[in-house]
Amino acid sequence: MTSLPKGRPTFCAIDLEALRWNFRQVKKKVGREVKILSVVKANAYGHGAGQIARTLAASGSDAFGVASLEEGIELREGGIRSPILILAGAYPAQLDPLLRHRLTPTVCELEGLRWLERLARRRGMSLKFHLKVDTGMGRIGLSASEIDSWLSELSELKALKLEGVFSHFSYAEDVGGSYTQNQLKIFRRVLRRLREAGYAPSLVHLANSAAVITLPSAHFSMVRPGLMLYGIHPSPKIADKVTLKPVLSWKTRILQLKGLPKGSSVSYGRTFVTKRKSLIAILPAGYADGYHRLLSNRGAVLVRGKRAPVVGRVCMDLTMVDVTGIRGVQQGDEVVLLGQQGREKISADEMAVWAETISYEVLTSISARVPRIYHSSKEE
Ligand SMILES: Cc1ncc(COP(=O)(O)O)c(C=O)c1O
């Protein structure tokens, strides 16, 4: 059973059984030989990094990927002992905590390589790192096209040990797309040059969720899935390639019901005026919870298994929905903002369309004041 919060009833229910299922789908796609680095940055895409990482570690995740040193430390303090890769670079003042917490830095430019080597040498320490190569994402990473200039610098390293090499796709959800194929080709060329120069990093990784699902030739020795672990397809185009189960449901309860006569305005700015005698439900969730203001007069929620449209502007802490015609509706009724109720469902992808964004942002925008409550669907 999902235990409910004692106070404000707005919370995210996180289904750890769905998470385990999704992890098994990754495993099935990549096979036994390929390691899995679970991407749990941004508080595990809003699901709660500690609990998510512990569950994935118990399921066999080999490593974890975070965005920052702080996120890495949080995982260590949450009991994670597996390797943790900081995906988005490292800074000079971070060397000591990196070493103390056994976190693996990503090197993405030459200056970073040099200071890391200098500082590690000065402390007489050896430090494993992963090298990020830009093969076409146009983001962090040493440019693959400049390999001649940075390959020679690798030979100068004494304190730093090249444990991994990786790159990132910019458009992997375009199944079979030529840009993706070209990135793969460039990455292979980099690996060949490294091998010829005598480097054999044990961890070679490129595949995000889309490539885990559609591109076995990009699996190498490790993959880096994020979104699919949380039960969402990186693109609806590949939804038929693997069955995933959404891990997060976002729920609340009706705070107040208000009958309004025809012609009444609802919320700030009077953007909604009732066209009939209406029953409006006021929900204790708003944009400060991450319920996007673009959902004003556009989104919908589920009440008693039916869709109720958002009416008027979403406020900071409250949102109004029209429940006129939903039979039996009562104050205190469960409301699903995201997830399933009866036969109806609101997916992160649908909410993303309303909010003019992507499912990743929908999930990571759910704010810290919304408690995450963990359960395993099998128990229910
Ligand atoms: C470097 C890196 N690897 C892997 C991932 C995981 O991608 P996805 O969530 O699409 O699987 C991300 C996510 O943004 C990333 O930035």
Side-chain angles (χ1 to χ4, degrees), residues 19 22-23 25-27 29-30 34-47 49 52-53 56 61-69 71-72 83-90 103-109 129-142 144 164-175 177 179-180 183-184 187 203-216 218-239 241-242 244-248 348-349 352 357-365:
L19 179 71
N22 298 330
F23 183 81
Q25 307 319 302
V26 177
K27 199 87 212 151
K29 287 280 173 198
V30 303
V34 176
K35 289 196 156 99
I36 300 172
L37 177 148
S38 301
V39 179
V40 293
K41 60 183 179 161
N43 199 26
Y45 290 39
H47 293 64
I52 293 294
L56 290 171
S61 179
D62 300 282
F64 293 93
V66 295
S68 65
L69 172 91
E71 289 184 352
I84 298 174
L85 178 63
I86 300 174
L87 294 162
L103 301 170
T104 310
T106 290
V107 166
C108 46
E109 37 87 39
F129 74 103
H130 288 214
L131 193 70
K132 174 94 183 259
V133 182
D134 186 359
T135 55
M137 172 73 182
R139 207 170 64 175
I140 57 169
L142 291 152
V165 177
F166 72 108
S167 188
H168 193 46
F169 283 126
S170 67
Y171 197 22
E173 58 278 22
D174 180 31
V175 184
Y179 196 81
T180 301
Q183 277 195 268
L184 184 56
F187 189 58
L203 298 174
V204 174
H205 45 113
L206 177 59
N208 54 4
S209 295
V212 164
I213 297 168
T214 64
L215 206 60
H219 290 173
F220 296 98
S221 62
M222 188 159 83
V223 292
R224 292 192 317 271
L227 194 68
M228 72 179 291
L229 291 171
Y230 308 105
I232 297 168
H233 293 88
S235 156
K237 280 186 279 179
I238 55 177
K241 306 233 177 281
V242 59
L244 300 173
K245 299 186 178 176
V247 173
L248 182 147
D349 283 323
T357 182
I358 52 175
S359 54
Y360 297 79
E361 195 186 3
V362 164
L363 295 175
T364 56
S365 297

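Just so you know, ligand 1 is whichever comes first in the structure, and atom 1 is the first atom listed for that ligand. For the numbers below, each heavy atom of this structure counts, side chains included, while hydrogens, waters and symmetry mates do not. Throughout, numbering of the chain's residues begins at 1 and tracks the sequence.
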**Request:** Answer yes or no: is there a side-chain heavy-atom contact under 4.5 Å between Leu37 and Asp62?
**Result:** no

**Asked** Considering only protein heavy atoms, which is closest to atom 3 (N) of ligand 1, and at what distance to one decimal place?
**Response** Arg224 NE, 2.8 Å

**Fill in**
In ligand 1, the atoms that come under 4.0 Å of a heavy atom of Leu227 are 8 (P), 9 (O), 11 (O)

**Asked** Do Lys237 and Glu173 have side chains that get closer than 4.5 Å, going by heavy atoms?
**Response** no

**Message:** If we set the cut-off at 4.0 Å for heavy atoms, which region of Val39 has an atom near ligand 1: side chain, backbone, both, or neither?
**Reply:** side chain

**Item:** ligand 1 to Phe166 polar contact by distance, N or O atoms, under 3.5 Å
**Value:** no

**Message:** Quick check: do Leu203 and Phe166 have side-chain heavy atoms less than 4.5 Å from each other?
**Reply:** no

**Prompt:** So which protein heavy atom does atom 11 (O) of ligand 1 come closest to, and at what separation?
**Reply:** Ser209 OG, 2.5 Å

**Nearest heavy-atom neighbours spanning Ala348 and Ile232** = CB-CD1, 3.7 Å

**Message:** Walk me through whether Tyr230 and Tyr45 qualify under ring-ring contact (aromatic ring centres under 6.0 Å, His included).
**Reply:** CA-CA 8 Å; Tyr230 308 105; Tyr45 290 39; 4.8 Å; yes

**Fill in**
Per-atom filter on ligand 1: closer than 4.0 angstrom to a heavy atom of Arg139 are 16 (O)

**Request:** Answer whether the closest heavy-atom distance between the side chains of His205 and Leu85 falls below 4.5 Å.
**Result:** yes

**Asked** What is the closest protein heavy atom to atom 2 (C) of ligand 1, and at what distance does it sit?
**Response** His168 CE1, 3.4 Å

**Message:** Taking a cutoff of less than 4.0 Å between a non-hydrogen atom of the residue and any ligand atom, is His205 in contact with ligand 1?
**Reply:** no

**Request:** Using non-hydrogen atoms of the residue, decide whether Pro225 is closer than 4.0 angstrom to ligand 1.
**Result:** yes

**Request:** Please examine the side chains of Ile213 and Pro234, heavy atoms only from C-beta on, and report whether any two atoms are closer than 4.5 Å.
**Result:** yes

**Request:** Specify the protein heavy atom at minimum distance from atom 14 (O) of ligand 1: its residue, its atom name, and the distance to 0.1 Å.
**Result:** Lys41 NZ, 3.0 Å

**Asked** Among protein heavy atoms, which sits nearest to atom 10 (O) of ligand 1, and what does the distance come to when rounded to 0.1 Å?
**Response** Tyr360 OH, 2.6 Å

**Contact atoms of ligand 1, heavy-atom distance to Gly226 under 4.0 Å** = 6 (C), 8 (P), 9 (O), 11 (O)

**Message:** Students should be able to answer this: which protein heavy-atom is nearest to atom 7 (O) of ligand 1, and at what distance?
**Reply:** Asn208 CB, 3.5 Å

**Prompt:** Any side-chain heavy atom of Lys27 sitting closer than 4.5 Å to one from Phe23?
**Reply:** yes

**Prompt:** Is the count of non-hydrogen atoms from other residues, nucleotides or ligands lying under 6.0 Å from Tyr171 atom OH greater than 12?
**Reply:** no

**Asked** Identify the closest protein heavy atom to atom 9 (O) of ligand 1: which residue and atom is it, and at what distance?
**Response** Tyr45 OH, 2.6 Å

